[in-house]
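Predicted, not measured: the structure shown is a model, and the values here were computed from it.
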Amino acid sequence: MSMVGLMRVQTNPIHLYCRRNHSSFLPAFSSLQLPKKLYENSIGMMKPPKSFNSVVASVQPLEASTHFDNTLPTKDVLQLWQGADAVCFDVDSTVCVDEGIDELAEFCGAGTAVAEWTARAMGGSVPFEEALAARLSLFKPSLSQVQDFLEKRPPRISPGIDVLVKKLKARNTNVYLISGGFRQMINPVASILEIPPENIFANQLLFGSSGEFLGFDSNEPTSRSGGKAAAVQQLRKVHGYKRLVMIGDGATDLEARKPGGADLFICYAGVQLREAVASKSDWLVFNFTDLINTLA
């Protein structure tokens, strides 16, 4: 896909063998009461594969076309980062090198059209909820297709993210995954990083009794623009975090930095550089090593 201000990267996969655990955790923010049969088909029928190979990708970003003055943290930014009691990560193009919905769409034969919508959504040119509904309507994945995808396309995690998460945990910093992607595809990633299911906030695909695609749970905050901000605000309210950091690559991640939300937004451009987002971030990084090295 092509888009002004969007930078592509090249990835060279290196295989890492792990085991996937599957979770039936129901998103904490959902107020939608699903019928029992529908709920069972949206989550319970997702049979966990016996094993899988996750992939750590070697990411080599191209040069940015614009000079940025925020690639080195200010003293205040560094203090906030080092003193964070909670860090929230976007998943697609941040924790993982792919956009999950694009990969699923490509697997189902609708990759190009869906990827174009993803670029528009992540750049902030269309409301996220509009882009999400439009993308899913282009290929309407069935339950069996999702299960087959999870078996054949293991998650590809960004280099260094596993080390960073471990380092944060060692500092007693709580780690969360907040994503506009789908829980069915994010659970395996969380398992790799040993992030508990209750620390995942994501969307939920819904399927009928025969496994047919029905849609997604629109009550999830991450299904719409401003949803990540709402999730972060709720986390802060419930847990009383004093210093909360959001790390991601897209416009919906940037939105999380608002009063009552994230104190700091770090733009990770190791996979995709979205200049409109990067220019407004508190700190722009191209690899997780920059963050790891600042943590004693």
Side-chain angles (χ1 to χ4, degrees), residues 6-7 9 27 29 57 59 61 81 84 86-104 115 118-124 128-129 131-132 135 155-162 164-165 168 173-190 192-193 195 199-203 220-236 244-258 261-278 280-288 290-291:
L6 185 64
M7 182 184 68
V9 301
F29 291 115
V59 181
W81 164 242
V87 175
C88 301
F89 288 93
D90 171 44
V91 176
D92 295 336
S93 293
T94 301
V95 169
C96 293
V97 302
D98 301 308
E99 290 287 335
I101 191 171
D102 292 0
E103 292 296 302
L104 178 60
T118 296
R120 295 171 66 187
M122 293 303 98
F128 184 80
E129 58 270 31
L132 182 60
R135 287 179 288 177
R156 303 196 304 161
I157 64 173
S158 294
I161 185 61
D162 52 342
L164 178 56
V165 169
L168 288 168
T173 302
N174 291 299
V175 177
Y176 296 87
L177 299 180
I178 301 183
S179 175
F182 297 103
R183 183 172 295 276
Q184 286 95 335
M185 299 159 69
I186 292 172
N187 282 339
V189 178
I192 294 168
L193 300 175
I195 295 173
N199 285 19
I200 305 171
F201 301 96
N203 292 314
E220 290 295 342
T222 53
S223 70
R224 54 188 176 271
S225 296
K228 289 185 180 180
V232 169
Q233 288 171 330
Q234 183 69 8
L235 278 174
R236 189 158 205 163
L244 193 150
V245 176
M246 181 74 203
I247 300 176
D249 71 295
T252 56
D253 306 309
L254 175 62
E255 289 175 343
R257 186 191 60 192
K258 59 168 45 180
D263 300 289
L264 185 69
F265 170 60
I266 298 175
C267 179
Y268 175 71
V271 177
Q272 299 280 7
L273 174 62
R274 309 181 199 277
E275 295 187 1
V277 176
K280 297 175 184 177
S281 66
D282 298 298
W283 187 4
L284 171 62
V285 300
F286 289 88
N287 60 78
F288 286 122
D290 292 344
L291 301 180

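- Taking both residues in full, the closest heavy atoms of L273 and A278 are given as CD1-CB, 3.7 Å, listed atom of the first, atom of the second, then distance.
- Distance CG/N199 to SG/C88: 9.0 Å, rounded to 0.5 Å.
- Qualifying salt bridge (charged side-chain N to carboxylate O under 4.0 Å, His left out) partners for D263, counting only residues two or more places apart in sequence or in other chains: R236.
- Here the straight-line distance linking atom CZ of F201 with atom CD of E220 works out to 9.5 Å at 0.5 Å rounding.
- Partners of T94 by side-chain hydrogen bond (donor to acceptor under 3.5 Å, both in side chains), not counting sequence neighbours, listed by chain and number: D90, D249.
- A distance of 10.0 Å separates CZ of F128 from CD of E255, quoted to the nearest 0.5 Å.
- No side-chain heavy atom of V285 sits under 4.5 Å from any side-chain heavy atom of I247.
- Residues V189 and P155 share a closest heavy-atom pair of CG2-CB, 3.7 Å.
- For the residue pair F286 and A269, the shortest heavy atom distance occurs at CD2-O, 3.5 Å.
- Taking all atoms of both residues into account, the shortest heavy-atom contact from V271 to S158 is CG2-OG, 4.1 Å.
- Note that CG of L244 and CZ of F265 are 13.0 Å apart. Values are rounded to the nearest 0.5 Å.
- When all heavy atoms are compared, the tightest approach of M246 to D253 is CE-OD1, 3.4 Å.
- Using a 30° and 60° split on the angle between ring planes, F89 and F288 fall in the perpendicular class, above 60°.
- I186 approaches G181 most closely through the heavy-atom pair CD1-C, 3.9 Å.
- Looking only at side-chain heavy atoms (C-beta outward), P221 and Q234 stay at 4.5 Å or farther from each other.
- Interatomic distance, CG of N203 versus CD of Q184, reported as 9.5 Å (0.5 Å rounding).
- F182 pairs by the ring pair (Phe, Tyr, Trp, His ring centres under 6.0 Å) definition with nothing, not counting sequence neighbours.
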